[in-house]
There are 2 protein chains.
Amino acid sequence: MRYSRPVVTLADVARHAGVSTATASRIINNSPKPVAEHLRERVLAAVNELQFVPNANARQLARADRSAVGVIVHDVSDPYFAEITRGLQRVAAEHGRLVIICNSYRDPERELAYVDLLHAHRTAAIVLAGSGYHDTAATARLQHKLRVYRDAGGRVAVVGRHEHTGDAIVPENEKGGYLAGDALYRLGHTAIGVIAGPRHLTTTTDRLAGLQRAAREHRRRITSRHVVYAGFDRDGGVTAAAELLERNPAITALAALNDSMAVGALACLRERGIDVPERVSVIGFDDMPVAVDVTPALSTVRLPLEEIGMRAMALALRGGQGAPTTETAAARLVLRGSTAAAPPQGR
Amino acid sequence: MRYSRPVVTLADVARHAGVSTATASRIINNSPKPVAEHLRERVLAAVNELQFVPNANARQLARADRSAVGVIVHDVSDPYFAEITRGLQRVAAEHGRLVIICNSYRDPERELAYVDLLHAHRTAAIVLAGSGYHDTAATARLQHKLRVYRDAGGRVAVVGRHEHTGDAIVPENEKGGYLAGDALYRLGHTAIGVIAGPRHLTTTTDRLAGLQRAAREHRRRITSRHVVYAGFDRDGGVTAAAELLERNPAITALAALNDSMAVGALACLRERGIDVPERVSVIGFDDMPVAVDVTPALSTVRLPLEEIGMRAMALALRGGQGAPTTETAAARLVLRGSTAAAPPQGR
DNA sequence: ATCTGCCAGGAAAGCGCTTACCTCGGTGCT
DNA sequence: AGCACCGAGGTAAGCGCTTTCCTGGCAGAT
């Protein structure tokens, strides 16, 4: 069934133009080596007539250079990664690089498999974006695979990972958590519920740590009954908010560890007829585009996502020289309508 | 500066294990050909010790099969494509296929370049998602490139394109437009403003055509002063809504040709203190996740985006047999809080 | 004991390119 | 006129794999 069509090769083009493959190749890649004009025309005409499309695999095999770059994210369709990816693509496109995007769906195994895959394809670099895992075994294996990849000449840049093998952009997650917490405490909230992401993600623990620090500074404590871990998405936000409200009716503020969850929390509160921010304040994290379109507009901690992507790709593409760099991406507090002073009865 | 590291090859593995490359290859790819157990162990041990990662390019060159599949979308970070891409990836992953995602950013030139690129990489299939252009020249060139690709053995599947070379999934854009219009007219609206996407996109004209048909059926007309073309995103919605309101103060309903624009319209109305849906009804298109989180929740026309992606990938991956298939994806009206009966003073 | 048959394993021929190296004709010099 | 030199174009050697085809050793049959 699978009859192979007569694929056009460079040899066909050369034959058709009456030159050697060497000359044809030189013309097609316009190499520095000078070639007579009439030959060039003949070859180009042949390329066009035969509709020759050079085999990228053969080409890549023959020359030693690497050009494509791989990107591994949790899920491009998640706005957080969509923003980062946009930045990555932008810079890659400027450099004429092809980007191969892989979704790990937060599965460490799949992540490992993709590193191998990108290594096998001899990509020039791998950009790994997204939280790391609190899973020593998986982390060690990943570290190891990345090291092998680097030893084989690949570059690695990571975004928001602690285990930075290579260059890294680290968003100020702890600092951001602190900013959110500090803002809430300053508004007079004392009972704060935290809608956290998955326990095993470092992003969760980092942001939470910032919140705790703010609490400490304001001589408060965030006990475990004020923290609910859930999926890092809208639905996770809905269920976590519901549980938090159930467990602690006195809560006057909800801090979600990302905007998706915050939006879910808003939905949950709306459904229960709890006014935001009058009765309960809500603050998110990331400042995703949707934040300004929900009602009330979401207060949050802004992370320059697209910029992070751009910087990560720039690091990955810059020459191999120099020691690995670690850059931080600043978190900034953005207050909108979803936060307000704690209501009087909240003490 | 660029000293090449000693890259491990299959030959190294074979030597290290004391076998031929043929045997090593057979073991690594566990080919059907039987191999003695002790050799297998030795080779696998060597692979592990040397951290051998086979060169995918060489492999691809040596065997004739194609495995990766390319996807060209306007922009993955746009929720519309993010949803579709999610579906595409899902099915591809089930088949163990690598997906290469390319963003054309709605630039026909870039689109062409990517087709060449994916062709060069000998991908098994190309999935082209996103509206086509009303640009005969560009369309013809694209058609041509796709034909060359198919002649060379590639498969092509398109989503929402008229010029279907190969398999196609076509969302019911016209029908959806009709549903939106019909719903609005039934609610008693007579002056409807249309927030349209870019003029040169077929998606825009198709959806608009549906709206026009509904108008005709209700013995109304949508004149050009009731239509504003803008960018297919939130900002486009904001500016278009503003202009529409300015031009036709009597408008009681706004139909946006996608949800992003509808969300922008909502923002614009909110800012001007115009109540939705009391004074003005708003309806979107696509039913993106954000639709339920804005206030009021957005009435819209649902398109099964993820499913569309899944079906498109399924078409692209199924064997080459059979004539090109065209499947339609059903549009469905989803009424939420942003639409209501026309206010009395609206006649 | 000799022959046939079988099968595990190896030699080698590509896959479609790039490029180092060689060839050969023409030029400028003595 | 004879030489060295130069440079456009071709020859061929890989790049790292897969796979066809061949080899040689062994078991079973006669």
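Being a predicted model, the structure only gives us computed values, none of them experimental. Quick note on labels: first sequence line is chain A, next is B, and so on, each numbered from 1.
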K33(B) (side chain) and dG9(C) (base): donor-acceptor pair under 3.5 Å: yes
Distance test, side-chain N/O of T23(B) to OP1/OP2 of dG9(C), below 4.0 Å: no
Base dG16(D) paired with R122(A) side chain (donor-acceptor, <3.5 Å): no
Donor-acceptor pair, side chain of D75(B) and main chain of N103(B), under 3.5 angstrom: no
dT18(D) OP1/OP2 closer than 4.0 Å to side-chain N/O of N29(B): yes
Rounded distance (Å) that lies between atom P of dC17(D) and atom CG of L50(B): 12 Å
Closest to the R59(A) side chain, choosing from dG16(C), dT19(D), dT18(C): dT18(C)
Candidate nucleotides dT18(D), dT18(C), dG9(D), ranked by approach to the side chain of S25(A) - the nearest: dT18(C)
Ion pair check, R141(A) and E109(A), cut-off under 4.0 Å: yes
Note, H74(B) side chain near Y80(B) side chain (heavy atom, < 4.5 Å): no
Shortest side-chain distance from H38(A), nucleotide among dG16(C), dT19(D), dG9(D): dG9(D)
Selected nucleotide, minimal atom distance to A22(B) side chain, candidates dA20(C), dT19(D), dG16(C): dT19(D)
Nearest-nucleotide comparison on DNA chain C, the residue closer to the 5′ end among V8(A) and A24(B): A24(B)
Letter per nucleotide, 5' to 3', of nucleotides 23-28 of chain C [B base touched, S only sugar-phosphate touched, - untouched; heavy atoms, 4.0 Å]: ------
Phosphate OP1/OP2 of dG9(D) contacted by S20(A) side-chain N/O (<4.0 Å): no
I27(B) CD1 to dT19(D) P, straight-line distance once rounded to whole Å: 15 Å
Salt bridge flag under 4.0 Å for residues R90(B) and E307(B): no
4.5 Å side-chain heavy-atom contact, H119(A) and R122(A): yes
Rounded distance (Å) that lies between atom P of dA13(D) and atom CG of L61(A): 17 Å
Nucleotide of dG10(C), dC17(D), dA8(D) approaching R26(B) most closely (side-chain heavy atoms): dG10(C)
Donor on one side chain, acceptor on other, T139(B) and T136(B), under 3.5 Å: no
